[in-house]
Amino acid sequence: MLNYVSKRVLIGILTLLAASIVVFIVLEIVPGDPVRLMLGINATEDAVQALQQQMGLDQPLLTRYFSWIGGLLTGDFGKSYTYSVPVLNLITERIAVSLPLALISLFLSTIIAIPVGLFSASRRGTLADSGTMGIAQIGVAIPNFWFALLLVYVFAVSLRLVPAGGFPGWNAGLWAGFKSLILPSIALGLPQAAILARVTRSALLDVLGEDYIRTARAKGLTRRKVLYRHALRNALIPILTILGLQFAFLLAGTIIIENVFYLPGLGRLVFQAITQRDLIVVEGVVMLLVATVILVNLLVDLSYALVDPRLRGRS
Amino acid sequence: MKHFWKSALAASALVFLSATVSFAAKTDLVLGVVLEPPHLDPTAGAATAIGEVVYANVFEGLTRIDAKGQVLPALAESWTISEDGKVYTFKLHKDVKFHDGTAFDAEDVKFSLDRARGEKSTNPQKPLFASIDTVEVVDPLTVKVTLKQPNGDFLYNMGWAAAVIVAPESADTNKEKPVGTGPFKFDNWAKGSQIVITKNPGYWGTPVALTKATFRIIPDPAAATAALLAGDVQAFPVFPSYEAVAQFQTDPRFKVVIGTTEGETILGMNNKKPPFDNLKVRQAISHAIDRKTVIDGTMFGLGTPIGSFFPPHHPAYLDLTGESAYDPALAKKLLAEAGHADGFKTTLKLPPPVYARRGGEIIAAELREIGIEAEIIPVEWAQWLEQVFKGKDYDLTIVSHTEPNDLNIFARDDYYFNYNNPAFRDVIKQIEATSDTAKRTELYQQAQKILAADAPVAFLFQLPKTGIWDAKVEGLWENGPIPANDLTAVKWAE
């Protein structure tokens, strides 16, 4: 087990290093100068040069790469070109929104999807099954920004129960912060739930076709007991895989939802940084996301071992 | 029983009190803005979003531009101009303090102007200060600015956001924590979310009615509509969703105010690159575009057609749209005379704003009618600046020039239009050296006529300012002579 973990960690570090090089080079190739964007179309050439010098952008590529990587190793993500504040501050501010949002959405998606999947799988082929799966299909198909706007018009504009968007910050109180995340997490979580429900159902159906299920039933266990004790546990591996992917997506792939609810999340930070060529921010966030994905994958792999005793013995 | 009456009385007093409190006018306002400023120092960044938060609210200059685009005194209470038009002596207001408590005086003015025009300056509008020769402190309340040559625009230039007066103590930290002399103080900025400014109790001038203003950043047009409808924001001075304007016009809870801006929207042409070096080709393109269709299709009918590069609200404006009226037959004829009877293939680079992306589709279709196949290439702002503006690597592009008083860009060397007409440059030189209004009007009109005849670009329309706010909010600007949300006169109606 230990061997397995250390191997995974080593691969993770190498992946991070490779990612840092790719990100740096790709962003270097992208046309567009952050200084020109900041100073606009009336800027004189000497003002442009003065600012480039001030931000250290006149240094050669390699020097900049090593000073950036060196900074990262000591926890210094550098200073944003446009905001001129430490990148790490920007990222932590955004994570305070994106992480709770991702977790609430994931929680919502799980508590809806697994019961629905179980329900459908246990009633395979019935009207109830095709009905719920039909609804799930709609959930997968509906564009989430449209669904989000629908939620806003019903719950914020007409009923005025929650704000239409924005995030007051956690200092405004736990409830105020949570309230502003309700609609976004529903808009994010429900389509994910639809996907997860379909995966749960098909994973369960696969397992239910196995010989040991028939044996368990022949032994005299009830349908229900077989479903929970034998089928669900064995179906957890594909479910966990999807959950891992969904978490990575929910953390940074939520730009559209963040725009509809004007939430200051990571997705919008990256998008804004790209359009403003605030490359150092893009680099910092991408590195963080790569690290998160590696970590989540590692956790998912380890949890396979938890649910599947066979994997525990192998290494 | 006695107790009961006492508490009943107290309770009713409370109810009454809270009722009177709710009748008092509100003194805070939440405004929606589309773009988040990169930072809050107008002397270090060109983004209009900076001025939209801090201009006239947090920072002030020697002069200021008002809602009508006129120059008014600000930190300078008065000034005199020497006979030859080269020496400006500004008399400053006394007892003015920066928000951090440091006193404002002539030294701060000298510091700000010298910093903006200095060698290490990163001021985005450095050309505004190019005509200054020396800045001298006469006494703590008097500053003498000597120009290299007379400049009729000097007082106007000193009213730009990039020319605000900053203190040496706080100049380097203004990006994060702006310290000015204005009626509002910076309070806090939750990045990506909102910026809050509060009333400055120690303000030297007329106190403002609002105690707090919040600028909430809402980039998505659909979200902007929802935020107004839900009451989360009470004003959207530059509302981004043109298609939703009609919906608000019929809603009595809101006031819809369509004003003008300094944004001349044009179809830029590379005047050095064939076939656009041929006047007839440029004229053909101008005649091939139906401005009304473009405005209807792009801006839902909002926006004023222009025939030259001058804002229609300016007293010296001439309506020259007739010079390039929509006439596809004439356009085809001109194209044939230029030797392109069968048309040609070209490219059209479009930056992100909706006027460019939607307008580009319409214009490409109209050009196809006269045989010109324009391939549409969408670009980001960073790419646009790099390729079109700096690299001049383009054929056609659509962009709105939102800077005020920018007729002179057609007289610049090496500008991205690649347009060079000595006669036009001469008129611009004369304008810069003239301060007499009647004479300037005449020159402005002459310049407009030259541009309309030369068609260095195709002139499309003046960008509108679509303001929507709560019907009870008063005092917001109708027009956008400069990028600003001046809150000095804003209040809630009783």
Side-chain angles (χ1 to χ4, degrees), chain A residues 30-44 46-48 50-51 53-54 80-85 89-90 93-94 97 145 148-149 152-153 155-158 160 162-169 171 256 258-265 268-269 271-272 274-278, chain B residues 30 32 35-39 41 44-48 118-128 130 162 175-176 190-194 216-220 222-233 352 379-387 389-391 399 401 403 406 409 415-416:
Chain A
V30 175
D33 180 349
V35 171
R36 270 176 208 286
L37 260 173
M38 281 170 78
L39 293 185
I41 59 175
N42 267 352
T44 57
D46 53 334
V48 169
L51 190 58
Q53 214 171 348
Q54 213 178 55
S80 158
Y81 298 157
T82 36
Y83 283 131
S84 53
V85 293
N89 292 9
L90 283 177
E93 276 170 16
R94 301 304 176 105
V97 179
F145 70 90
L149 278 175
V152 169
Y153 276 96
F155 294 100
V157 174
S158 300
R160 298 213 172 194
V162 283
F167 183 72
N171 342 342
I256 293 171
E258 283 175 22
N259 256 341
V260 173
F261 292 100
Y262 45 104
L263 290 172
R268 243 176 80 201
L269 179 68
F271 182 73
Q272 204 173 333
I274 291 173
T275 56
Q276 293 177 337
R277 292 296 184 271
D278 195 348
Chain B
V30 183
L35 293 174
E36 175 166 39
H39 57 76
D41 183 356
T48 55
E119 205 174 299
K120 284 202 173 146
S121 159
T122 55
N123 194 296
Q125 311 291 351
K126 214 174 160 185
L128 291 181
K175 282 185 174 177
E176 270 305 289
K191 299 264 156 46
S193 186
Q194 61 183 30
R216 193 158 292 164
I217 298 132
I218 307 181
D220 184 71
T225 308
L228 271 172
L229 288 175
D232 288 1
V233 304
V379 290
E380 284 177 276
W381 273 126
Q383 290 170 307
W384 188 87
L385 281 172
E386 185 99 356
Q387 299 171 6
F389 191 77
K390 184 172 164 245
V399 73
H401 281 265
E403 281 75 17
D406 56 355
I409 59 175
Y415 205 67
Y416 77 106

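Naming convention: chains lettered A, B, ... in sequence-line order (proteins, then strands); numbering from 1 in each chain. Just so it is clear, the structure is predicted and the values come from calculations on it, not from any experiment.
- In this structure, A:R268 and B:I217 approach most closely via the heavy-atom pair NH2-CG2, 3.7 Å.
- Between the CG atom of A:L37 and the CG atom of B:L385 there is a distance of 5.0 Å, given to the nearest 0.5 Å.
- Contact annotation for A:E258: neither backbone nor side-chain heavy atoms come within less than 4.5 Å of a heavy atom of chain B.
- In this structure, the side chains of B:K120 and A:Q54 stay at 4.5 Å or more apart for every pair of heavy atoms.
- For chain A, the option among B:K191, B:E380, B:Q387, B:K390 with the highest count of heavy-atom pairs below 4.5 Å is B:K191.
- With a 4.5 Å cut-off on non-hydrogen atoms, B:P352 does not touch chain A at all.
- Between B:D220 atom CG and A:L149 atom CG the span is 7.0 Å, to the nearest 0.5 Å.
- Contact count versus chain A (heavy atoms, under 4.5 Å) is highest, among B:A230, B:P37, B:G45, B:A223, for B:A230.
- Of the atoms belonging to A:R160, it is side-chain heavy atoms, and not backbone ones, that fall under 4.5 Å from chain B.
- Note: A:Y83 OH to B:E176 CD = 9.5 Å, rounded to the nearest 0.5 Å.
- In this structure, the side-chain contact (heavy atoms from CB on, under 4.5 Å) partners of B:Y415, at least two apart in sequence or on a different chain, are A:I41, B:F389, B:H401, B:I409, B:R412, B:F417.
- Between the side chain of B:S193 and the backbone N or O of A:F167 there is at least one donor-acceptor pair closer than 3.5 Å.
- Ranked by heavy-atom pairs shorter than 4.5 Å toward chain B, the options A:Q276, A:Q272, A:R94 are led by A:R94.
- The line from CG of A:D33 to CD of B:Q383 is 13.5 Å long, rounded to the nearest 0.5 Å.
- Across all non-hydrogen atoms, the minimal contact from A:L39 to B:P124 is O-CB, 3.3 Å.
- Interface residue B:N123: only backbone heavy atoms are found under 4.5 Å from chain A.
- Taking each heavy atom of B:H39 and A:T82 in turn, the nearest pair found is CD2-O, 3.6 Å.
- When heavy atoms are compared at a cutoff of 4.5 Å, A:I274 approaches chain B by way of both its backbone and its side chain.
- Put simply, of A:P163, A:G40, A:S158, the one with the most heavy-atom pairs under 4.5 Å next to chain B is A:P163.
- Proximity to chain A (any heavy atom under 4.5 Å) is shown, for B:A162, by neither the backbone nor the side chain.
- Residue A:Y153 touches chain B through its side chain alone, counting heavy-atom pairs closer than 4.5 Å.
- Interface check for chain A: of the options B:A226, B:A224, B:P127, the most heavy-atom pairs under 4.5 Å are formed by B:A226.
- For A:D46 and B:K126, the salt-bridge test passes: some basic side-chain N is under 4.0 Å from an acidic carboxylate O.
- A:Y262 and B:Q194 form no side-chain donor-acceptor contact under 3.5 Å, judged by distance and modelled atom types alone.
- Most heavy-atom pairs under 4.5 Å with chain A: of the set B:S121, B:A227, B:P219, B:A222, this distinction falls to B:P219.
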